[in-house]
Amino acid sequence: MRPERYNAKEAEPKWQAAWAKEDIFRTRNDDPRPKHYVLEMFPYPSGRIHMGHVRNYAMGDVVARYKRARGFNVLHPMGWDAFGMPAENAAMQNKVHPKDWTYRNIDTMRGQLKSMGLSLDWSRELATCDPAYYKHQQRMFLDFLKAGLVDRKTAKVNWDPVDQTVLANEQVIDGRGWRSGAPVEQRELTQWFFRITAYAQDLHDKLDTLERWPEKVRLMQRNWIGRSEGLLVRFALRPATAPAGETEIEIFTTRHDTLFGAKFMAIAPDHPLAKAAAAKDPTLAAFIEECRQIGTAQEAIEKAEKLGYDTGIRALHPFDEGWELPVYVANFILMEYGTGAIFGCPAHDQRDLDFVNRYGLGNTPVVCPPDVDPAQFVVTDEAYDGDGFLINSRFLDGLSIEAAKEEVARRLESEVRDGRPQAERKVQFRLRDWGISRQRYWGCPIPVIHCDACGVVPVPVEDLPVTLPEDVTFDVPGNPLDRHAAWRQVPCPACGAAARRETDTMDTFVDSSWYFARFTDPWREGEPTDRDAVNAWLPVDQYIGGIEHAILHLLYSRFFMRAMNATGHSDVPDGEPFDGMFTQGMVVHETYRAADGSWVTPAEVKVESEGGTRRAVRIGTGMPVEIGPIEKMSKSKRNTVDPDDIIASFGADTARWFMLSDSPPERDVIWTEEGVQGAARFVQRVWRLIGEIADAAGADAGGRAEAPEALVVRKAAHRALAAVEESIEGLRFNVAVAKIYELANALQAQLGEARGKGGFGPALREAGEIFLQLLAPMMPHLAEECWAALGRKGLVAEAPWPVLDRSLLVENTVTLPVQVNGKKRADVTVARDASQSAIEAAVMELDAVRRAMEGRPVRKIIVVPQRIVNVVA
RNA sequence: GCGGGUGUGGCGGAACUGGUAGACGCGCUGGACUCAAAAUCCAGUUCUGGCGACAGAGUGUCGGUUCGAUUCCGACCACCCGCACCA
């Protein structure tokens, strides 16, 4: 006896168990079918899954289940991005060990993900905090080191003097540490770097080949890499003015055409020449110190005025030795970009103009806009950076900007001073090397040893992994590894003398830069990867995740793939790990505020709707609650909905369905109670519909001539099949959902039409089965339950995708809209292959057309076959 | 400042290469069933006028191309996002 209502609470665990029993989602590397790798960004085990995870994994699961049904060998793994600061924060606050905290969270979240019914190969699960994972990461670090892809150099960091730790830029708020509130200092620390800049050009160029990436993401990466073509120019210094041993300044410019507009030189406060000059000039030293202070906060930089200090040093113009330019130390010059020095051409650069206007250095325009009289052209407050022709520039006068650049480059390249050319063409990147050192405990230890005699010595591969010590405390600020004498002290692998372990750990972005490769053979012990497995599975066919990782994570992964290729760990074409990339939108929700201004969580709010106006009250007290703007679900605004609650009360299928419906996947989706109710309603509707189909088909098993309804039903099913295929392939899940609704409506309507008649049972059953197969990637549990109710043996999750019958997509007669002068006036139904003249004749018979013509003669009739007819009066 | 995106009913959104604007869902209105409620079912729902057939307007604004424009072109407006003293 079929129950009246579908009970998700009972059905979902039952089918999850059935899938697990058959182990149908386990993927074998030796499966001969074509591969398809579907990957969603693995979660950080923060405690519990949130709706963003539900959305992300629901999308990935649709693709995985769909591709599996279509005969692909699908890899769809899951793991944990398990190192990171929150675990250490929890350790400090709750006296729990980061490892215990992390693994407890993993257990909770694994259970939650399993309750979603995702088609994951759990046998490949990995956690980045597992030595079995990070030992391979250490191995690759050593290989990269050997290959020259790792650097050790000093870099400025944000230092929190209270917490005694390095802070990321995002952790500096108004110049203060986000936890301690202490003013952040700039410190120079020796750090480890991955030489991502070695691949800057390739990372930039290959973006063009990533056709299945969002344009937005490619653009963001392109800007981040920041390629610009220019000229390195050496300016000689007038010896009498220069500090001892200093003979020149090298600058980078992209506007060498404006060299005759130069008014000054400027160098960064931490430029070596500035330091040399400051040694003899205490005022300059003070100025440099002042610049450092401002350097910290982003906000301050924005508002800071262009300040400079004349060092007294004079540089000589490369085209005129008698032309001297004052050398300033200026607060707006960055040591990290180019050479940390510029020549200032105020007429054509806004910053330079602001600067000269402050210090009274004047300006000379050297590029004149087209159609402007050079004699009339002056620059006052606004620099001119548009197109034009050269003026006031001696041998460049009259040239275009491009031609002038070329001429300058050509001349200076061939002009030799001190055995070197005066200038050199250079492609400059904004991208900087990736600093991976973190003064933290809960991360992958950097496998090197510092020996007084031998210097930096890599840990021998056979000694890996360098595991984190577990007996650490967090009651004192700073890195526990620094304080752990027993762990730190180690004999030097080279000479055997007493030496010290590196106590920095790796940026957690390193952990996530290769996990997708590890998934291809996570069992391998001796090597990070099995080359054959990596090469066979990568690139990932479809990667899905949040836009917040559009730059760093994806860029680092692209770097890693190249570095892995270079060190023999893989051989992936172009070093591109992700063939298809999709960035999904966020889950947002209304906010609620009580009278006292405190945030109220949706679970405590009841929203009532009266004639279109919505009011909210607090459950229990009945006190009114103010409905606030829709915002990203966050703990601080308390506008979160717990997936567990939704799954418990409605089931995973309802949650999945709602996450996929309505909003296009790349946009934000608004979580609403009504929307969930609608999804839940559809679940029950499917259950009833399939029940009715089962009954009708059972009573009419065939043997009779087919009724007209049978063809209608078949056509509806195959139309939906074609549309859903296309929508899923294009990741347009909201459209797929709409098409499934349409089929449900059509089946229901035909069921009513055909009631009591015979000759449509088999067609109805067939359509019902197709319907369930379309539904299965999205609501897999419900689909299984219905599949069984239709009397099918086996699992719908294992059923091959229905074969589309294209002949069912064409109609014998078509109804064409008829326009008169572009305005629709009537419809005409004609045979599909009706001739132009037959259609024209039929159209002119129509009353509505005659009326609209108002007696005017027909000038033209445009017939677009199977589309439209337009009569032009 | 530079770069990019978006704009369609009350709401989320759909509309293949220019071809019936508003699929599908939510909400709302009316009705059926019920003692009642929930659930379900039926009908309606872009706006304006009309009892009605119907007519007019309509995809941010203004203009252009076209037999025909949400779609193509130009200018503008609004909102959102990314980067930002990058030489």
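Chain letters run A, B, ... following the sequence lines, proteins first and then strands; every chain starts at 1. Computed over heavy atoms, backbone and side chain alike; hydrogens, waters and symmetry mates excluded.
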A.B. asks: Taking only Watson-Crick and G-U wobble pairs with both distances under 3.5 Å, what dot-bracket line describes RNA chain B, where [ ] shows pairs that cross earlier ones and | shows pairs with another strand?
C.D. replies: (((((((..(((......[....)))((((((.......))))))((((....))))..(((((..]....))))))))))))....
A.B. asks: C1' atom, B/rG60 versus B/rU71: distance in rounded Å?
C.D. replies: 16 Å
A.B. asks: Determine whether a donor-acceptor pair (one donor, one acceptor, N or O, separation below 3.5 Å) exists between the side chain of A/N870 and the base of B/rC67.
C.D. replies: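 Answer yes: a donor N or O sits under 3.5 Å from an acceptor.
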A.B. asks: Has the side chain of A/K739 got a donor or acceptor that lies under 3.5 Å from a partner of the other kind on the base of B/rC24?
C.D. replies: no
A.B. asks: Please work out whether the ring planes of A/W687 and A/Y6 are parallel, tilted or perpendicular, with thresholds of 30° and 60°.
C.D. replies: tilted
A.B. asks: Would you say B/rC41 has OP1 or OP2 under 4.0 Å from some side-chain N or O of A/R688?
C.D. replies: yes
A.B. asks: Less than 4.0 Å between a side-chain N and a carboxylate O, is that true for A/E406 and A/R425?
C.D. replies: yes
A.B. asks: When we call it a touch if two heavy atoms are under 4.0 Å apart, what does A/N745 touch: a base, just sugar-phosphate, or nothing?
C.D. replies: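 The answer is sugar-phosphate, as A/N745 gets under 4.0 Å only of primed atoms, P, OP1 or OP2.
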A.B. asks: Do A/E674 and A/R681 sit within salt-bridge range, that is, some charged N less than 4.0 Å from a carboxylate O?
C.D. replies: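 Looking at A/E674 and A/R681, the cut-off is not met.
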A.B. asks: Using the P atom as the point on both nucleotides, what is the distance between B/rA21 and B/rU70, in whole Å?
C.D. replies: 8 Å
A.B. asks: Is the ring pair A/Y328/A/Y359 parallel, tilted or perpendicular, if the boundaries are 30 and 60 degrees?
C.D. replies: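 A/Y328 and A/Y359: tilted rings.
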A.B. asks: Check the orientation of A/W657 and A/Y741. Use parallel for under 30°, tilted for 30 to 60°, and perpendicular for over 60°.
C.D. replies: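 Rings of A/W657 and A/Y741: perpendicular, over 60°.
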A.B. asks: Answer yes or no: is there an ion pair linking A/E631 with A/K637, defined by an N-O contact shorter than 4.0 Å?
C.D. replies: yes
A.B. asks: For B/rA84 and A/N223 - does any side-chain N or O of the residue sit under 4.0 Å from the phosphate oxygens OP1/OP2?
C.D. replies: no
